[in-house]
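Beneath this line is the structure, given in structure tokens, with notes to follow.
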Amino acid sequence: MTTDGSTNGDDAPTVVLVTGGSGLVGQAIKEYVEEEGNTKDGETWIFLSSKEGDLRDRKATEAIFEKYQPTHVIHLAAKVGGLFANMSAKVEFFRENILINDNVMECCRIYKVKKLVSFLSTCIFPDKTTYPIDETMLHNGPPHPSNEGYAYAKRLIDTMNRAYAEEYNCNFTSIIPTNIYGKYDNFSIQNGHVIPGLIHKCYLAKQENKPFVIWGSGTPLRQFVFSRDLAELTVWVMREYHEPTPITLSVDEEEEVSIKDVALAVAKAMKFEGPVEFDTSKADGQFKKTAGNKKLRSYQPDYQFTSIEDGIQQSVDWFVENYDTCRK
Ligand code: NAP
Ligand code: GDP
């Protein structure tokens, strides 16, 4: 292991613990590292689910670190939800994420983890801002009120990364992804994010011969990253990105799309030909949160992201094939 915490170097074993390993991003990382050639010699990967221990609980978290003795941690575990889940449970989004993050970070310090990579989100950026937003602007004003519980809990990861470095010389960093979608997503209509929610609603509309209803006006803009791309880039961050400051993992600004266009792409992938309607009594949330990816492009100028059409088709096919067992 090298002193910067990357996994290339000497022959010492590397144990990568992925918290939240059973979720959308965790399963994508698992599939990625299980593909031939994507695991390095001497690397062992552990993918945790909440069944193995509740990370809100300090003793359960310590037991997991004691058992696996990780050298590296990719911290994904969180209370996660779409706009409507966030609006309805700000207290729980704040408290659960604060507890999980405090336990994981403190155990990384105690167990001398060489590198911790935690997940933030572009939805925690300031609401009133100039665009594109970059990593230096994270704390420059309040987040959108719809998800302020989640946003403040997540922002504190960045604050504590700096504090742990200053006081204990810890090598903690973070990733800021845009909206994520793909296989193993949470397809709950009430609680999930927009793409899995739309996929589920479109599936039911087709089955039941009913209109496909998009919530809100359809005009808000979002950047979406396919979970397989994010998995590949996250493994690269763990091995090769050596800055303590966050890095935004986002498609280019030109790839930003409206919710309406995303919904029409879902309808096309589902081969849904019935009526499409907008329920404007539902919230739009933040109009946009356009993120710049200059830092990522300075390291990975040629990285090719999966197109939204291709990613949505793969997600729709996976949802239809796994309808009986997937999270919904
Ligand atoms: P997800 O699919 O909802 O998975 C969440 C994971 O966290 C699951 O493995 C879950 O375990 C685990 N978890 C939740 N509460 C836990 C607890 N108390 N103890 C232990 N484990 C717990 O989430 P995701 O979409 O993969 O998100 C991964 C990370 O990316 C999160 O930090 C999220 O904030 C961030 N992010 C997500 C998005 C997005 O669009 N999805 C966008 C930006 C950032 P079980 O399933 O086993 O219960
Ligand atoms: P956000 O990106 O953090 O705001 O969270 P979401 O992934 O939940 O996206 C919310 C945006 O999609 C808002 O503009 C919603 O009005 C719109 N939207 C349209 N239909 C749906 C749906 O079925 N579920 C969700 N979660 N959002 C929807």
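Every number for a ligand or one of its atoms is a count from 1 in the order of the listing.
- Ligand 2 has a nitrogen or oxygen under 3.5 angstrom from a nitrogen or oxygen of G192.
- Ligand 2 has G82 within reach: a non-hydrogen atom of the residue lies less than 4.0 Å from it.
- Between the choices V80, L24, I176, the shortest heavy-atom distance to atom 27 (O) of ligand 1 belongs to V80.
- Counting heavy atoms closer than 4.0 Å to ligand 2, residue K201 contributes side-chain atoms (C-beta onward) but none from N, CA, C or O.
- The contact set between ligand 1 and T178, taken as ligand atoms under 4.0 Å from a residue heavy atom, comprises 42 (C), 43 (C).
- Counting heavy atoms only, S22 comes closest to atom 45 (P) of ligand 1 of the residues G20, S49, S22.
- Annotation: S121 places no N or O atom under 3.5 Å from an N or O atom of ligand 1; distance criterion only.
- Inclusion of L55 in the set of residues having an N or O under 3.5 Å from an N or O of ligand 1 is warranted.
- Atoms of ligand 1 lying under 4.0 Å from at least one heavy atom of D54, given by number and element, are 17 (C), 18 (N), 19 (N).
- Of all the heavy atoms of N179, the ones lying under 4.0 Å from any atom of ligand 2 belong exclusively to the side chain.
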Handout entry: Intermediate values then yes/no, side chain to side chain contact (heavy atoms under 4.5 Å, CB included), V251 and N293
Key = CA-CA 7 Å; V251 298; N293 65 1; 5.7 Å; no
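- For ligand 2, the atoms closer than 4.0 angstrom to any heavy atom of A283 are 15 (C), 16 (O).
- Residue nearest to atom 44 (C) of ligand 1, selected from L120, T122, L249: L120 (by heavy-atom distance).
- The shortest contact between atom 2 (O) of ligand 2 and any protein heavy atom is with R222 NE, 2.7 Å.
- Proximity of R327 to ligand 1 is established by a heavy-atom distance of less than 4.0 Å.
- Taking all heavy atoms of V225, L76, N179, I180 into account, the minimum distance to atom 29 (C) of ligand 1 is reached by L76.
- R228 and E35 are joined by a salt bridge, as a carboxylate oxygen and a charged side-chain nitrogen come within less than 4.0 angstrom of each other.
- Residue-to-ligand polar distances keep I259 apart from ligand 2: every N/O pair is separated by 3.5 Å or more.
- Using a 4.0 Å cut-off to heavy atoms of P177, the atoms of ligand 1 that qualify are 43 (C), 44 (C).
- Looking at I199, V194, I189, it is V194 that brings a heavy atom closest to atom 21 (C) of ligand 2.
- Inclusion of K51 in the set of residues having an N or O under 3.5 Å from an N or O of ligand 1 is not warranted.
- For ligand 2, the atoms lying closer than 4.0 Å to a non-hydrogen atom of P220 are 14 (O).
- Below 4.0 Å from some heavy atom of H193 lie the following atoms of ligand 1, by number and element: 39 (C), 40 (O), 41 (N).
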Practice task
Mind running ring pair (Phe, Tyr, Trp, His ring centres under 6.0 Å) on Y150 and F94 for me, showing each step along the way?
Solution key: CA-CA 5 Å; Y150 174 84; F94 180 78; over 10 Å; no
Exercise for the section: Start with the C-alpha gap between T248 and E135, add the side-chain angles, then the distance that decides, and say whether side-chain hydrogen bond (donor to acceptor under 3.5 Å, both in side chains) holds. Expected result: CA-CA 7 Å; T248 300; E135 296 87 351; 3.1 Å; yes
